[in-house]
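Heavy atoms only: backbone and side chains are in, while hydrogens, waters and symmetry mates are out. Whatever order the structure lists ligands and atoms in, that order sets their numbers, starting from 1. Along the sequence shown, the residues carry numbers beginning at 1.
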Amino acid sequence: MTLGQRAAALRQGFGAIPDEPVVEDMIVPVERLLPTSEAEELIGLVRQIADAELAPTADTAEANGTFPREPLRTLGRAGLLGLPYDEEYGGGGQPYEVYLQVVEEVAARWATVALTVSVHTMTSWAMSAHGTDEQRKRWLPDMVGGEQIGAYCLSEPHAGSDPAALSTRAVRDGDDYVLTGTKAWISHAIHADFFTVMARTSDDGPRGISCFHVPAGAEGLSFGAPEKKMGLTASPTSIVNLDGVRVPVENRIGPEGAGFGIALAALDNGRLGIAACATGLAQAALDASIAYAKEREQFGRPIIDHQGVGFLLADMAAGVESARATYLAAARRHDAGLPYTRQASIAKLVASDMAMQVTTDAIQVLGGSGYTRDFPVERYFREAKAMQIFEGTNQIQRLVIARQIAKFG
Ligand SMILES: Cc1cc2nc3c(=O)[nH]c(=O)nc-3n(C[C@H](O)[C@H](O)[C@H](O)COP(=O)(O)OP(=O)(O)OC[C@H]3O[C@@H](n4cnc5c(N)ncnc54)[C@H](O)[C@@H]3O)c2cc1C
């Protein structure tokens, strides 16, 4: 079934979805220049689902730490959990440029859901790009078809910014590998259906790391308690323990020793997803600020008419649009098959720093109200902070950009 057919089927089944956005005063639809009419249809569908299914429940679910499994199933049925992958394997066949704009639309309604889509899409990339035909036929349709969610297992307690220092072992034993070690900070691990795990097959530094597909339920797989995070609380982040987890040799993705390169290339993809998440989150903060500034009056007029506030909003808008342009430019390089490592790091750096600034300013625009939980901007602020940290801190993005500049000018 093509993406268009899935979207049409879903639309028919969604009698409850209103034609107009439910929260139109909070989220102003961004006018997008999309490459095809199918992409336009897709964005329209995403807005409908996100307004009806995500935005109304985000606040409560974040307060209660409830993982959005059902909303993710809805997105999966609409084909949104495998958008940039081959239609042949059940993916959406969309360019990255379109996929990222979908992520941004979702993030503007609920960042945790967008983050989950982005991490899952990055996790599936290893199999899509480096799996054999046989592996792809066997596993990819489930990964990108909408029912399953994947977790990306690179970080370890002592290997964060320096993942080449990871120590999880994969020891060959006949036709199997036996994996032992501890992965840290793994997003939605306890809800994942599969894990893409980087583990050491030799002591040869980064060249001694290999990549494995580990299904949920494998014996020896267990999880720590969710970290007590300051934001994105609906997305549980936890330790993944691998205690003698046995997987057949067929579960190794790519050759032995190729895992570190696969992990970094997956992160290039993922960083674009985080840039789109950050841009959507900042757009939501901007929209909430504009709506409030038009309503709230001080000194006898709406505060938006005070130049100090108007200029703050202007800077916020400039930041959001610049970040969007930056991630789209990187995505177009990706879609054209050009190298884009540097551009992915720039997009992630620019968008997450911008989101931190814009969400901080949003609290300022709302004054005392912005500092309360009666409005969502304080949540956006807490959520933006994580985006400067995961998938490589912004110091590490600068390191990547500096190395790229030194190498290629
Ligand atoms: C909410 C959340 C979700 C996450 N999800 C996942 C996941 O799904 N999968 C996964 O594998 N990982 C995940 N991570 C882990 C994340 O990628 C790491 O936290 C991140 O890479 C930083 O590692 P660290 O926390 O160990 O910090 P450290 O590496 O200890 O860094 C501490 C500080 O030192 C700085 N620093 C370190 N080295 C340098 C250097 N060479 N130059 C300049 N500054 C430096 C860092 O920028 C940072 O400011 C997640 C993290 C969070 C917070």
Side-chain angles (χ1 to χ4, degrees), residues 62 65 67 107 111-126 149-168 179 181-200 206 209 211-212 214 216 221 223-242 259-260 262-271 273-275 277-278 281 344-345 348-349 352-353 355-356 379-403 406:
E62 288 295 336
F67 184 66
T112 282
V113 177
L115 172 70
T116 310
V117 171
S118 177
V119 170
H120 162 77
T121 305
M122 167 178 75
T123 304
S124 307
W125 181 85
I149 292 179
Y152 178 80
C153 298
L154 178 64
S155 304
E156 297 187 359
H158 300 289
S161 296
D162 181 15
L166 67 82
S167 60
T168 293
L179 277 65
T182 303
K183 293 290 170 182
W185 299 107
I186 306 307
S187 294
H188 55 252
I190 56 175
H191 295 282
D193 301 290
F194 67 94
F195 301 82
T196 299
V197 179
M198 265 44 79
R200 187 162 287 293
I209 295 170
C211 178
F212 296 91
V214 178
L221 198 61
F223 310 101
E227 304 292 345
K228 292 181 179 149
K229 306 201 303 289
M230 66 185 273
L232 297 168
T233 32
S235 165
T237 312
S238 55
I239 291 263
V240 173
N241 296 304
L242 298 128
F260 194 62
I262 293 173
L264 294 191
L267 280 172
D268 286 347
N269 283 264
R271 285 165 184 166
I274 300 306
C277 285
L281 183 65
S345 281
K348 195 268 185 185
L349 171 68
S352 57
D353 278 357
M356 195 67 250
R379 171 162 68 80
Y380 299 156
F381 167 88
R382 289 184 283 111
E383 292 172 341
K385 187 64 214 171
M387 297 182 188
Q388 294 180 305
I389 296 171
F390 48 47
E391 300 201 15
T393 65
N394 282 3
Q395 283 80 13
I396 295 307
Q397 305 311 320
R398 289 182 173 90
L399 201 76
V400 171
I401 297 161
R403 282 182 184 157

What I'd like to find out is whether the side chain of [X] reaches to under 4.5 Å of the side chain of [Y], using heavy atoms alone.
X    : Y    : answer
E156 : T182 : no
E391 : I396 : no
H158 : S167 : no
M198 : F212 : no
T123 : F194 : yes
F67  : T116 : yes
I274 : L115 : yes
N394 : M387 : no

For [atom], what's the nearest protein heavy atom and its distance?
atom                    : result
atom 7 (C) of ligand 1  : W185 O, 3.2 Å
atom 17 (O) of ligand 1 : E391 N, 3.5 Å
atom 1 (C) of ligand 1  : F390 CD2, 3.6 Å
atom 27 (O) of ligand 1 : S161 OG, 4.2 Å
atom 26 (O) of ligand 1 : G160 CA, 3.3 Å
atom 40 (C) of ligand 1 : I396 CD1, 4.1 Å
atom 44 (N) of ligand 1 : Q395 CB, 3.6 Å

Nearest heavy atom to atom 8 (O) of ligand 1 wins, so pick from P157, A263, S187. S187

For atom 11 (O) of ligand 1, which candidate among P163, A165, S155 holds the nearest heavy atom? S155

Is there at least one protein heavy-atom neighbour under 4.0 Å from [atom]?
atom                    : result
atom 35 (C) of ligand 1 : no
atom 42 (N) of ligand 1 : no
atom 32 (C) of ligand 1 : no

Counting each atom of ligand 1 from 1 as listed, which ones have a heavy atom of [X] under 4.0 Å away?
X    : answer
L154 : 11 (O)
K229 : 1 (C)
I186 : 7 (C), 8 (O), 9 (N), 10 (C), 11 (O)
T393 : 22 (C), 46 (C), 47 (O)

Looking only at distances, can you tell me whether any N or O atom of Y152, backbone or side chain, sits closer than 3.5 Å to an N or O atom of ligand 1? yes

Test of proximity, I389 against ligand 1: N or O pairs below 3.5 Å: no

Can you tell me how far the CD1 atom of I149 sits from the OG1 atom of T121, to the nearest 0.5 Å? 10.0 Å

Can a donor-acceptor pair be found, under 3.5 Å and without considering hydrogens, that links the side chain of H188 to the backbone of S235? no

Determine, stepwise, if the pair F390 / T237 fulfils side-chain contact (heavy atoms from CB on, under 4.5 Å). CA-CA 11 Å; F390 48 47; T237 312; over 6 Å; no

